[in-house]
Amino acid sequence: MNAWLLKDQGGITVSISGLFIAVIFKVSRDSTGHLSMLLHNCQLSINSVKVKLNGGSSWIYSFLSGFLEEPIRTKLDKNLCLNIKYKIQMMDAQLRKHKVLNQIDAFAQIDYSLVSSPAVFKSHINLDLKGTVYPVGYHTDPPFVPAPFALPNEGDSMLYLGVSSYFLKSASLAYYRAGALNITISEELATTFNLNTTLFKDFVPEIALSYVTACPVLLKLMATSPPAVSLDADRCILQITGCVEVFAVLPNSTTQYIFAGNLTASTRANLTITKQKLIISLLLKRLQFSLLHSTLGFSEMSLVENFLSYALRSAVIPVINDKLGKGFPLLNLAHTTLTGPVIKTNQGHLVISTDVHYKHEEGKDEDLHSHS
């Protein structure tokens, strides 16, 4: 304090007792499928506010403390709920900015929009997300619907994410419609994977005898229907149905047709989570082949199947896994990462259980599990 009659300095102590604040806010789905937050009610009550002046000549003007208490109470009554409302509005604005349509790659997108308003319980909140994969630019729903399923009633992890077979089936259909399942093992790839006519001597001698020098073998595979997805206890099976054409690249760089046929490949899918993405890698388990056309006669069709199994394992599946390695982005809020995710495969759905790590914008880390 510095006035023409008085010059002094000191401190002030404000004590608030009996502070009670009740905040009720509503979470819902907006018209675009985003999660929305709205302050429904805010109530504040204060039992007493006491002001004490310390230091200097406070004993002279201590009578002023009583005149400070009511303005402080009024200021709190007026501004505290307003500040809470502002913070909730900021959170709502951030939620509306969150992308519900995630790009996977050049072929497909995932729609993570809410299909209904959240269900709020005493200990948790349930979010029902669409989880449909579409070809880029073609957002027509699949000709099948998701089957209902329940998440485990457990509390060991912060987040339980259920992924139904509908998600994987819609991805299968999306990639089929986008033409991403048509694969050509070019001359360059055939050389990389050492696919040449010399291999036929161990599988189909009739073909090997037709080529004096080793020629690269080209494969053209075309899916004739979306891969069938099956989720059972502790396993995920993808069955791929299509046709294959096999060519030889002659020394003059022209291609020579060898044979073509239909095939059905049964693969096991290994599922992992890396960098907030669901990664799928395939392992060929069984192959069935039926011949359509051939320039040569084959003594045993099982030998042709053996060659195609080798070609798929050594060249085709690695190409597919390289594409799948980009992963399916999981639902992710800003500044959060999944820690220690575990995948369990059940009948008709997957369950991903994980904790969540939050990073403050200021750079300070906070593990939310410590406050759960």
Quiz prompt | Derivation and outcome, side chain to side chain contact (heavy atoms under 4.5 Å, CB included), residues Q89 and L39 | solution = CA-CA 8 Å; Q89 287 175 339; L39 180 64; over 6 Å; no

Practice problem: Report the C-alpha distance between L338 and Q276 in whole Å, list the side-chain angles of each, state the deciding distance to 0.1 Å, and finish with yes or no for side chain to side chain contact (heavy atoms under 4.5 Å, CB included). | Solution: CA-CA 7 Å; L338 306 181; Q276 311 290 94; 3.5 Å; yes

Do [X] and [Y] make a side-chain contact, defined as non-hydrogen atoms from C-beta onward lying under 4.5 Å apart?
{"X": "L263", "Y": "L221", "result": "yes"}
{"X": "F328", "Y": "I280", "result": "yes"}
{"X": "I237", "Y": "K285", "result": "no"}
{"X": "L278", "Y": "I343", "result": "yes"}
{"X": "V204", "Y": "F259", "result": "no"}
{"X": "T255", "Y": "Y257", "result": "no"}
{"X": "S353", "Y": "D156", "result": "no"}
{"X": "L238", "Y": "C236", "result": "yes"}

Mind checking whether [X] and [Y] sit in one hydrophobic cluster, side chains of I, L, V, M, F, W, Y counted as touching below 4.5 Å?
{"X": "M91", "Y": "V120", "value": "yes"}
{"X": "F149", "Y": "L114", "value": "no"}
{"X": "L129", "Y": "Y134", "value": "no"}
{"X": "I352", "Y": "I125", "value": "yes"}
{"X": "L312", "Y": "F193", "value": "yes"}

Nearest-0.5 Å distance, [atom1] of residue [X] to [atom2] of residue [Y]:
{"X": "L287", "Y": "I240", "atom1": "CG", "atom2": "CD1", "result": "10.5 Å"}
{"X": "Q288", "Y": "S309", "atom1": "CD", "atom2": "OG", "result": "10.5 Å"}
{"X": "S165", "Y": "N346", "atom1": "OG", "atom2": "CG", "result": "11.5 Å"}
{"X": "T213", "Y": "N196", "atom1": "OG1", "atom2": "CG", "result": "10.0 Å"}
{"X": "S45", "Y": "I21", "atom1": "OG", "atom2": "CD1", "result": "9.5 Å"}
{"X": "N194", "Y": "Y310", "atom1": "CG", "atom2": "OH", "result": "6.0 Å"}

Quiz item: In terms of ring plane angle, is the pair F203 and F307 parallel, tilted or perpendicular, where the classes change at 30° and 60°?
Solution: perpendicular

Quiz item: Should the pair Y175 and F107 be assigned to parallel (<30°), tilted (30 to 60°) or perpendicular (>60°) ring geometry?
Solution: tilted

Among side-chain atoms of [X] and [Y], is any donor-acceptor pair under 3.5 angstrom?
{"X": "D128", "Y": "N126", "answer": "no"}
{"X": "T272", "Y": "N270", "answer": "no"}
{"X": "Y166", "Y": "T132", "answer": "yes"}
{"X": "S48", "Y": "S17", "answer": "yes"}

Self-check item: Of all pairs that satisfy disulfide (SG to SG under 2.5 Å), the ones with a partner from residues 162-194, not counting sequence neighbours
Solution: none

Answer yes or no: are there more than 12 heavy-atom neighbours, outside [X] itself, under 6.0 Å from its atom [atom1]?
{"X": "N83", "atom1": "CG", "value": "yes"}
{"X": "Y160", "atom1": "OH", "value": "yes"}
{"X": "Y86", "atom1": "OH", "value": "no"}
{"X": "R235", "atom1": "CZ", "value": "no"}

Residue pair [X] / [Y]: nearest heavy atoms and the distance that separates them:
{"X": "L324", "Y": "I279", "answer": "O-CG2, 4.3 Å"}
{"X": "L291", "Y": "A260", "answer": "CD1-O, 3.4 Å"}
{"X": "R177", "Y": "P135", "answer": "CB-CG, 4.0 Å"}
{"X": "K220", "Y": "T184", "answer": "CG-OG1, 3.9 Å"}
{"X": "L44", "Y": "C81", "answer": "CB-SG, 4.5 Å"}
{"X": "H357", "Y": "T339", "answer": "CB-CG2, 3.5 Å"}

Sidechain-backbone polar pair: [X] side chain, [Y] backbone, donor-acceptor under 3.5 Å:
{"X": "H34", "Y": "H98", "answer": "yes"}
{"X": "T224", "Y": "T241", "answer": "yes"}
{"X": "T295", "Y": "I258", "answer": "yes"}
{"X": "E305", "Y": "F289", "answer": "yes"}
{"X": "S172", "Y": "P227", "answer": "yes"}
{"X": "D355", "Y": "M158", "answer": "yes"}
{"X": "N41", "Y": "V23", "answer": "no"}

Practice problem: Run through L219, T254, L218 and flag the one making a side chain to side chain contact (heavy atoms under 4.5 Å, CB included) with F247. | Solution: L218

Quiz prompt | Reference residue L35; test side chain to side chain contact (heavy atoms under 4.5 Å, CB included); the match among S113, P118, S117 | solution = P118

Exercise. Enumerate the residue pairs fulfilling salt bridge (charged side-chain N to carboxylate O under 4.0 Å, His left out) with a member in residues 16-33, sequence neighbours excluded, ordered by first and then second residue.
Key: D30-R96

Quiz prompt | Pairs meeting criterion salt bridge (charged side-chain N to carboxylate O under 4.0 Å, His left out) with involvement of residues 275-284, two or more places apart | solution = none

Quiz item: So, F200 versus Y211, ring centres under 6.0 angstrom or not?
Solution: no

Quiz item: Yes or no on side chain to side chain contact (heavy atoms under 4.5 Å, CB included) for L350 and L231, after CA distance, side-chain angles and deciding distance?
Solution: CA-CA 8 Å; L350 311 170; L231 287 177; 3.8 Å; yes

Self-check item: Step-by-step side chain to side chain contact (heavy atoms under 4.5 Å, CB included) determination, D141 to K130
Solution: CA-CA 11 Å; D141 286 337; K130 191 168 187 180; 3.4 Å; yes

